[in-house]
Engineer: 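Have a look at the structure that comes next, please.
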Amino acid sequence: QVQLVESGGGLVQGGGSLRLSCAASGRTFSNYAMGWFRQAPGKEREFVASISGSGGSTTVYADSVKGRFTISRDNAKNTVYLQMNNLKPEDTAVYYCAAKLAIGHIVVLTTVSGYDYWGQGTQVTVSS
């Protein structure tokens, strides 16, 4: 089992940048596929980005963030990051980190149902 804690959210002006972090507990972090999702008020939780585990580094992004956001991981620090550049007001949401154990499988997962573990979320607000 793994516990996830997000940090790094806040208020930023349009065009600005933020870097979110997600710290994971446990000793097998490298075996987890990791993802970032977001949920705006009144909307469903949506996929943002995913990165594979088990030695792979495959990444996938939602079209809405491609070219602006970058997901990365540091297995030595049990942490996954989401670098967000050129932020827009429509990026305003609570951002969640998610994990799925995938030993020996290099997978990227883009659906909420694909993940077993979730963090508590961190608020990102982008002003116009």
Side-chain angles (χ1 to χ4, degrees):
Q1 198 167 5
V2 63
Q3 293 183 324
L4 306 171
V5 179
E6 302 98 332
S7 61
L11 173 64
V12 64
Q13 283 190 330
S17 298
L18 283 175
R19 188 176 81 155
L20 305 184
S21 299
C22 173
S25 65
R27 296 176 292 179
T28 60
F29 174 72
S30 61
N31 288 330
Y32 284 82
M34 303 297 297
W36 286 97
F37 288 74
R38 66 187 182 187
Q39 189 166 17
K43 295 187 176 182
E44 294 186 351
R45 193 168 298 190
E46 66 174 6
F47 169 74
V48 175
S50 175
I51 187 166
S52 61
S54 297
S57 59
T58 301
T59 58
V60 176
Y61 296 92
D63 288 343
S64 59
V65 307
K66 204 172 293 184
R68 300 188 298 123
F69 291 11
T70 302
I71 188 171
S72 62
R73 66 190 299 159
D74 186 337
N75 291 332
K77 295 183 178 180
N78 280 16
T79 302
V80 63
Y81 304 97
L82 185 69
Q83 177 66 44
M84 306 186 294
N85 298 329
N86 190 21
L87 282 160
K88 304 175 181 180
E90 51 264 42
D91 294 319
T92 295
V94 177
Y95 282 72
Y96 297 90
C97 174
K100 171 70 175 182
L101 184 63
I103 299 174
H105 299 280
I106 299 176
V107 296
V108 285
L109 304 166
T110 62
T111 61
V112 171
S113 60
Y115 290 88
D116 297 324
Y117 304 101
W118 293 84
Q120 82 291 346
T122 185
Q123 176 71 47
V124 171
T125 303
V126 184
S127 63
S128 55

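Side chains included, hydrogens not; waters and symmetry mates left out as well; all remaining heavy atoms used.
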Engineer: Can you hop from Tyr32 to Trp118 via hydrophobic side chains spaced under 4.5 Å?
Structural biologist: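 No.
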Engineer: Tell me every residue that passes side-chain contact (heavy atoms from CB on, under 4.5 Å) with Thr125, counting only those two or more places apart in sequence or in another chain.
Structural biologist: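 Scan of Thr125 (side-chain contact (heavy atoms from CB on, under 4.5 Å), adjacent residues dropped) gives Leu11, Thr92, Gln123.
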Engineer: Going from OG on Ser30 to CD1 on Ile103, what distance comes out if it is rounded to the nearest 0.5 angstrom?
Structural biologist: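 One finds 9.0 Å between OG of Ser30 and CD1 of Ile103.
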Engineer: Are the side chain of Asn75 and the backbone N or O of Phe29 linked by a donor-acceptor pair below 3.5 Å?
Structural biologist: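 Looks like no, no N/O pair under 3.5 Å.
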Engineer: Any salt bridge between Asp63 and Lys66, counting N to O under 4.0 Å?
Structural biologist: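 Result for this pair is yes, salt bridge flagged.
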Engineer: Of all the heavy-atom pairs spanning Ala33 and Arg73, show the shortest one and how long it is.
Structural biologist: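 So the minimum-distance heavy-atom pair works out to CA-NH1, 4.4 Å.
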Engineer: Using modelled atom types and a 3.5 Å cut-off, is there a donor and acceptor pairing between side-chain atoms of Thr79 and backbone atoms of Asp74?
Structural biologist: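 No, the answer is negative, given that no donor and acceptor are paired below the 3.5 Å cut-off.
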Engineer: Kindly compute the distance separating CZ (Arg45) from OH (Tyr115), expressed to the nearest 0.5 Å.
Structural biologist: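 These two atoms lie 12.5 Å from each other.
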Engineer: Check the hydrophobic clustering (I, L, V, M, F, W, Y; side-chain heavy atoms under 4.5 Å; chains of links allowed) and say if Val108 and Leu82 are grouped together.
Structural biologist: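 No, it is not one cluster - the side chains of Val108 and Leu82 are not joined through contacts under 4.5 Å.
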Engineer: Using the side-chain contact (heavy atoms from CB on, under 4.5 Å) criterion, which residues pair with Thr122? Sequence neighbours excluded.
Structural biologist: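 Expected list: Glu6, Leu20, Tyr95.
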Engineer: For residues Asp116 and Leu101, determine if any side-chain heavy atom of one lies less than 4.5 Å from a side-chain heavy atom of the other.
Structural biologist: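 Asp116 does not reach Leu101 side chain to side chain.
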Engineer: Side chains of Tyr117 and Ser25: donor-acceptor distance under 3.5 Å anywhere?
Structural biologist: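 Result is no, nothing qualifies.
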Engineer: Any chance you could measure Ser64, atom OG, to Phe69, atom CZ, to the nearest 0.5 Å?
Structural biologist: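 Output value for this atom pair is 7.5 Å.
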